[in-house]
Amino acid sequence: FHALMMKKRTNSGGEEQANAKRIKVDTTVAAKDFFSEAYLTTASTELKQSYVDSVPFRHMALPNFAKEEFLKELTEALQDEVWFPKNNDLYTFEQTDDLKVSEHQAIKNLCSCIYSKEFRGFLESLTGIELSDKVDISSHIYRKGSTLLCHDDELEGRRIAFILYFVPPDWSEEDGGTLDLFSTDSAFNACQIVKRIVPKRNTFLFFETTPASWHQVAEVLSDKLRHSISGWFHGSNIERPPHPKDTPLLVEDLVQEKKEGDEELSAWVNPKYLEDESLEKIKEHFGDNSSIGLNDFLLEDKYKEIQTALQASNWTEIGPYQRRHYFSLGRWGDDQETGVLLAFKKLLKSKVFTDLVTKLTGLELKASVRGEYRKWEKQCYTLVHDCEDQVQECGLDLLFGVQTQAEGEWKNEHGGFTTYMDEQAELLTLMPDGNLLALVFRDKGCMRFVKYITSSAPGVRHDFHTTFIPVEDSQESESEELKSGEFGDYSDDGEEGCEIEWRTDESEEEEQ
């Protein structure tokens with residue numbers, strides 16, 4: 001056995017964030033001394049109508065917003081701020097503390113302008129929304145591969161989100177990093193991107209936060225830095241509809257007796273995983289760690305058959321974007337597989353296979369979630385809200401990886417790994433690999449997500465995923481709680497594993 005280990009990176013910035021709440025901003029600075037007086041002195045009928053008519057939700061972009069000299073001063077001052085990496089299921093970028101704590105005069109002047117009654121009055125006049133004196137404001141840098149996935153910015157009291165861009169003057173759509181706006185269905189699910197806004201230097205963009213304000217920052221594709229200042233203006237809480245519910249996956253009882261026609265495991269599975277000595281070692285490791293990975297699980301000829309069949313399959317795109325984006329065979333409907341794919345899927349639900357899983361884990365199984373083959377290509381992901389109905393129940397996840405169309409080594413920065421986490425920490429990271437069968441026991445409250453796959457990923461991969469429901473008595477006797485950072489990977493060489501960095505999970509601030 002060898003383990004994939006993670007170590008925790010100290011998370012910084014908490015003390016400064018707390019201090020920001022106690023700092024009072026000087027609002028005596030005149031906003032017109034630093035921002036375009038043409039915008040501030042008159043919120044014209046034309047501007048108001050443009051804001052009201054904008055789709056898919058109300059937003060507005062105002063070019064040449066800050067005075068040029070002030071913009072240069074801000075750009076220089078921000079280079080001296082401390083930047084913290086932010087990385088979880090939803091985003092990857094770098095962020096400063098709340099800018100209210102900054103000691104740079106240019107940044108102090110910016111905060112004074114943003115907080116001023118003059119500026120709030122300008123926004124209130126355009127939007128018709130009454131704002132309080134509470135504002136959140138910080139700066140963000142998106143490097144190549146960085147992104148912020150689909151979200152709506154809705155948190156208690158947030159009424160208007162804003163951004164001031166500091167990108168290079170030659171930024172174009174080919175550089176990525178667009179602000180993508182989504183249309184919604186009647187249940188307020190994010191359906192499709194209907195507008196892409198290319199960042200432009202010295203443009204001030206704002207929009208009302210609503211149940212329909214789904215948006216994302218597309219992946220940055222070039223080596224240029226997507227730099228901005230952003231935040232939220234707050235106001236009175238308003239009544240909002242509940243977030244749209246997801247359709248739970250179908251749970252099916254397992255067959256408790258062997259059926260005539262069931263294939264023998266020896267026709268599919270590597271014989272080393274059918275030997276009593278191996279089974280005992282694997283069960284012992286799983287009992288200690290609640291997870292195990294079995295290399296070269298299938299016989300080579302069966303694995304290659306599955307590879308070929310998956311590449312030739314017709315895939316269905318799966319959403320909604322605020323939960324997931326990947327391609328599937330049969331997530332919502334009847335089996336769409338044929339041939340070897342259907343045969344393997346049936347094998348995984350058969351009595352002979354579930355008996356093998358019990359020998360490997362010590363868990364007795366009573367039911368399973370409808371399994372699915374999934375296709376993962378660039379820009380695919382799931383968020384922790386994916387399959388949230390399973391979070392309150394224990395489960396044994398089965399993941400079988402199929403590597404296809406690879407043009408190089410799949411590395412950590414490419415994404416595509418599966419992460420398990422609770423509310424406090426990451427527990428486990430599972431990197432994609434071909435012909436690897438992973439078994440992970442999830443306790444109640446444990447969530448999982450598949451990290452966004454960047455445009456630099458070496459190709460396309462596939463997997464089959466399902467969840468077994470254990471008998472409750474066997475959960476307590478055979479499997480401990482999932483241990484942080486340990487993923488047992490069964491091999492015959494006994495080599496030590498690698499260390500991968502802890503990916504911070506903080507969501508106090510999200511950039512638009």
Side-chain angles (χ1 to χ4, degrees), residues 6-20 71 74-104 106-107 110-111 114 136-151 153 161-168 171 175-180 198-203 205 215-232 381 383 411-415 417 419 426 429 449 451-456 500-512:
M6 292 187 295
K7 61 181 180 180
K8 186 171 182 178
R9 179 194 301 147
T10 302
N11 180 39
S12 305
E15 182 178 348
E16 287 81 358
Q17 293 288 3
N19 289 339
L71 196 72
L74 278 174
T75 302
E76 293 175 2
L78 288 168
Q79 292 176 358
D80 294 331
E81 292 296 305
V82 179
W83 296 85
F84 302 101
K86 300 290 183 178
N87 194 346
N88 63 11
D89 63 316
L90 186 65
Y91 50 69
T92 301
F93 53 70
E94 296 171 34
Q95 177 181 295
T96 66
D97 287 318
D98 193 303
L99 293 178
K100 291 193 295 292
V101 304
S102 177
E103 295 299 324
H104 288 278
I107 297 176
L110 171 70
C111 292
I114 294 293
D136 303 316
I137 181 171
S138 56
S139 189
H140 301 80
I141 287 178
Y142 288 70
R143 301 181 185 273
K144 186 175 183 179
S146 296
T147 187
L148 170 59
L149 301 176
C150 182
H151 65 294
D153 269 358
F162 68 90
I163 317 157
L164 179 61
Y165 289 114
F166 292 80
V167 295
W171 193 282
D175 295 310
T178 54
L179 179 66
D180 298 338
V198 178
K200 295 295 182 183
R201 184 177 182 272
N202 199 14
T203 292
L205 187 147
H215 60 285
Q216 70 175 14
V217 175
E219 180 187 353
V220 173
L221 303 175
S222 73
D223 292 325
K224 300 174 186 177
L225 298 183
R226 184 190 188 274
H227 191 181
S228 64
I229 287 175
S230 63
W232 300 271
Y381 60 88
L383 302 180
K411 298 181 180 179
N412 197 44
E413 61 264 26
H414 298 141
F417 47 79
T419 293
E426 282 184 12
T429 292
F449 65 88
K451 184 65 175 177
Y452 174 88
I453 299 176
T454 68
S455 296
S456 61
I500 57 177
E501 274 192 332
W502 173 272
R503 284 172 291 278
T504 58
D505 172 40
E506 294 182 69
S507 52
E508 312 93 9
E509 304 283 343
E510 297 164 0
E511 200 262 356
Q512 290 77 39

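Quick note: numbers below take in every heavy atom, side chains included, and nothing from hydrogens, waters or symmetry partners.
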Worksheet item: Under the side-chain contact (heavy atoms from CB on, under 4.5 Å) criterion, do L221 and D175 qualify, and how do the steps go?
Response: CA-CA 5 Å; L221 303 175; D175 295 310; over 6 Å; no
Worksheet item: What's the verdict on side-chain contact (heavy atoms from CB on, under 4.5 Å) for Y165 and R201, showing C-alpha distance, side-chain angles and the deciding distance?
Response: CA-CA 5 Å; Y165 289 114; R201 184 177 182 272; 5.8 Å; no
Worksheet item: What's the verdict on side chain to side chain donor-acceptor pair (under 3.5 Å) for E81 and S139, showing C-alpha distance, side-chain angles and the deciding distance?
Response: CA-CA 9 Å; E81 292 296 305; S139 189; over 6 Å; no
Discussion item. Using side-chain contact (heavy atoms from CB on, under 4.5 Å), reason through F162 and L205 one step at a time and then give a plain yes or no.
Written reply: CA-CA 6 Å; F162 68 90; L205 187 147; over 6 Å; no
Practice prompt. Apply side-chain contact (heavy atoms from CB on, under 4.5 Å) to the pair F84 and S138, showing each step before the final yes or no.
Written response: CA-CA 11 Å; F84 302 101; S138 56; over 6 Å; no
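Looking only at distances, a side-chain donor or acceptor of K451 sits under 3.5 Å from a matching main-chain atom of N88. No side-chain donor-acceptor contact under 3.5 Å links H215 to the backbone of C150. The backbone N or O of I137 sits nowhere less than 3.5 Å from a side-chain atom of W232 that would complete a donor-acceptor pair. Put simply, the side chain of S222 gets close to the backbone of K224: a donor and an acceptor are under 3.5 Å apart.
Contacts of Y452 classified as side chain to side chain donor-acceptor pair (under 3.5 Å), with partners at least two apart in sequence or in another chain: E219. K144 is linked by a side-chain contact (heavy atoms from CB on, under 4.5 Å) to D223, counting only residues two or more places apart in sequence or in another chain. Remark: H227 pairs with W83, F166 by the ring pair (Phe, Tyr, Trp, His ring centres under 6.0 Å) rule, at least two apart or across chains. Applying the salt bridge (charged side-chain N to carboxylate O under 4.0 Å, His left out) criterion to E94, with sequence neighbours excluded, gives R143. Under the rule for a side chain to side chain donor-acceptor pair (under 3.5 Å), the partners of T454 that lie at least two apart in sequence or sit in another chain are S456. Judged as a side chain to side chain donor-acceptor pair (under 3.5 Å), and not counting sequence neighbours, the contacts of D180 are T178, R196, Q216. Residues satisfying the side chain to side chain donor-acceptor pair (under 3.5 Å) test with T203, not counting sequence neighbours, are none.
V220 places none of its side-chain heavy atoms less than 4.5 Å from the side chain of T147. Counting heavy atoms from C-beta outward, T96 and V82 have side chains that stay 4.5 Å or more apart. Between L74 and H104 there is no side-chain heavy-atom pair separated by less than 4.5 Å. At least one side-chain heavy atom of V167 sits under 4.5 Å from a side-chain heavy atom of P199. Residues V198 and K200 are in side-chain contact: their nearest non-hydrogen atoms beyond the backbone lie under 4.5 Å apart. When side chains are defined from C-beta on, I229 counts as touching L110, because their heavy atoms get closer than 4.5 Å.
Donor-acceptor pairing under 3.5 Å is lacking for the side chains of H414 and N412.
Ring geometry for Y142 versus F93: interplanar angle of 30 to 60°, hence tilted.
Rounding to the nearest 0.5 Å gives a distance of 6.5 Å between CG of D98 and CG of D136. Expressed to the nearest 0.5 Å, how far CD of Q95 lies from NE2 of H140 amounts to 3.5 Å.
The two residues D89 and L149 come nearest to each other via the heavy atoms O-CD1, 3.6 Å.
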